[in-house]
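In what follows, a structure is listed as structure tokens, so that the remarks can point back to it.
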Protein chains: 2
Amino acid sequence: MVHGAVRAELETVKAHFKKDGLRWTQQRELIVETAFLTHEHFSAEQLLELTRLRAPEATVHLATVYRTVQVLEEGGFVEGLEVEKGGRLFEHVLGHEHHDHVICLECGHISEFHDEVLEQGKEFAAKKLGFEMRRHSLRIYGSCIALARDGVCPNAPAAANKNT
Amino acid sequence: MVHGAVRAELETVKAHFKKDGLRWTQQRELIVETAFLTHEHFSAEQLLELTRLRAPEATVHLATVYRTVQVLEEGGFVEGLEVEKGGRLFEHVLGHEHHDHVICLECGHISEFHDEVLEQGKEFAAKKLGFEMRRHSLRIYGSCIALARDGVCPNAPAAANKNT
DNA sequence: TTTCGTGCAAAGTTTTTGCAGGTCT
DNA sequence: AGACCTGCAAAAACTTTGCACGAAA
């Protein structure tokens with residue numbers, strides 16, 4: 001089930017592909033849909049699994065996921081997040097307000113937050129340097145919010161990936 | 001030539017190693033010295049090359065660099081910086097004031113800056129979330145400062161690595 | 001039908017690991 | 001001597017690429 005906002009954005013992506021003479025294939029549609037439906041950060045491998053779950057009958061290959069995500073990133077539809085171990089994680093943008101990340105050093109869990117004061121501070125700092133800011137990434141590392149609150153890390157030591 | 005500040009820090013690192021029952025070998029000393037003498041971000045491979053330049057007679061292997069950098073990172077003597085392509089870059093900390101990074105999307109050049117307003121903003125934002133901040137990383141991507149100023153990217157397209 | 005995309009497998013990168021011999025304490 | 005390190009090579013983990021066939025325009 002693809003609800004309104006996702007459907008609209010899907011059209012935008014489709015238009016973007018067509019504009020560049022790229023084809024809108026079954027695989028691409030599935031991958032993009034899945035990326036937009038996922039409210040988590042995902043690796044290429046996870047996105048593949050999620051896509052296959054949604055469409056077990058279709059054939060989708062990891063290489064295709066990589067290729068599609070690359071186009072999406074260039075188009076500004078998803079953003080990559082480099083992490084310390086393993087490869088990169090992605091998240092859709094889909095008109096989201098920019099947000100920063102809070103990463104638990106214990107379990108790898110990633111939370112998001114938005115702080116207007118910080119946003120203005122970045123804007124100002126970049127301007128002061130005469131630097132043309134295109135995008136930015138702030139990550140705060142420490143102990144999980146839930147860990148601090150409940151005394152328990154909801155994501156067990158071995159469960160850094162969570163896509164349910 | 002190892003000047004004062006580096007020498008002092010070297011002793012600190014050495015003490016840290018010994019405290020943990022780790023040995024202070026010729027390789028480790030060379031690698032750590034080199035890391036502290038370098039005022040640039042370096043990859044493991046670059047650190048190896050720099051070390052070999054400083055001590056052509058010694059034998060140092062890439063695996064040893066990785067192992068040493070790992071210990072240094074755990075001890076808080078260097079910090080890793082995940083980058084979009086290829087592996088991670090490192091930089092020594094050596095009592096430096098914390099700084100943020102400005103990365104040119106054209107040439108990959110990394111500049112640094114420090115902004116007290118931003119620092120306080122991060123502190124405040126983390127506190128507001130009840131998150132225990134251990135460290136943080138802010139990166140602003142855009143066009144090189146020098147590019148904006150001079151109209152020329154000082155680091156030619158193919159020269160993302162610069163360690164002189 | 002022409003062009004582009006896909007699956008597959010192979011190659012590329014960067015980082016980690018097992019092992020046997022060498023070095024530090 | 002004993003524990004820890006190192007170089008080497010092989011393995012791992014992640015991503016990219018060449019190619020022949022299949023799908024989109």
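None of these values were measured; they are calculated from a predicted model. Reminder, nothing fancy here: chain letters follow the sequence lines and each chain counts from 1.
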Take atom OH of A/Y66 and atom P of C/dT13, then tell me their distance rounded to the nearest Å. 16 Å
May I ask you to say whether A/D100 pairs ionically with A/K122, meaning some side-chain N is under 4.0 Å from a carboxylate O? yes
For B/S43, answer base if it contacts any base atom (sugar-phosphate contacts may also be present), sugar-phosphate if it contacts only those atoms, and nothing otherwise; contact means non-hydrogen atoms under 4.0 Å. nothing
Rounded to whole Å, please give me the gap between CD in A/Q70 and C1' in D/dT17. 11 Å
Interatomic distance, A/L62 CG vs C/dG12 C1' [rounded to whole Å]: 15 Å
When the nearest nucleotide of DNA chain D is assigned to B/A63 and to A/R88 on a heavy-atom basis, which residue is associated with the more 5' position? B/A63
Just do the ring-ring contact (aromatic ring centres under 6.0 Å, His included) check on A/F113 and A/H101 with the steps written out, would you? CA-CA 6 Å; A/F113 73 95; A/H101 296 100; 8.6 Å; no
How long is the line joining NE2 of A/H61 and C1' of D/dA20, in whole Å? 15 Å
Could you give the CD-to-P distance, from B/Q27 to D/dC8, as a whole number of Å? 11 Å
Decide side-chain contact (heavy atoms from CB on, under 4.5 Å) for A/E79 and A/R88; before the verdict, give the C-alpha distance in whole Å, the side-chain angles of both, and the deciding distance to 0.1 Å. CA-CA 10 Å; A/E79 274 185 5; A/R88 313 175 66 202; over 6 Å; no
Do the side-chain N or O atoms of B/R28 get closer than 4.0 angstrom to the phosphate oxygens (OP1, OP2) of C/dC24? no
What nucleotide among D/dA25, D/dT6, C/dT15 has an atom nearest to a side-chain atom of A/W24? D/dA25
Whole-Å gap separating C1' (C/dG7) and CG (A/L48): 12 Å
Shortest non-hydrogen pair, A/R54 vs A/L30, comes out as NH1-O, 3.6 Å
Report yes if at least one side-chain N or O of A/T25 is closer than 4.0 Å to OP1 or OP2 of C/dG5; otherwise report no. no
Report yes if a side-chain nitrogen or oxygen of B/K18 is closer than 4.0 Å to either non-bridging phosphate oxygen (OP1 or OP2) of C/dT25; otherwise report no. yes
Assess A/R135 against B/Y141: is NZ or CZ under 6.0 Å from the centre of the six-membered ring, and within 45 degrees of the ring's axis? yes
When rounded to whole Å, the CZ to P distance for the pair B/R23 and C/dT25 reads 7 Å
Whole angstrom value for the distance that separates C1' of C/dT3 from CG of A/L22: 12 Å
Residue pair B/R67/B/F90 against DNA chain C: nearer the 5' end by closest nucleotide is B/F90
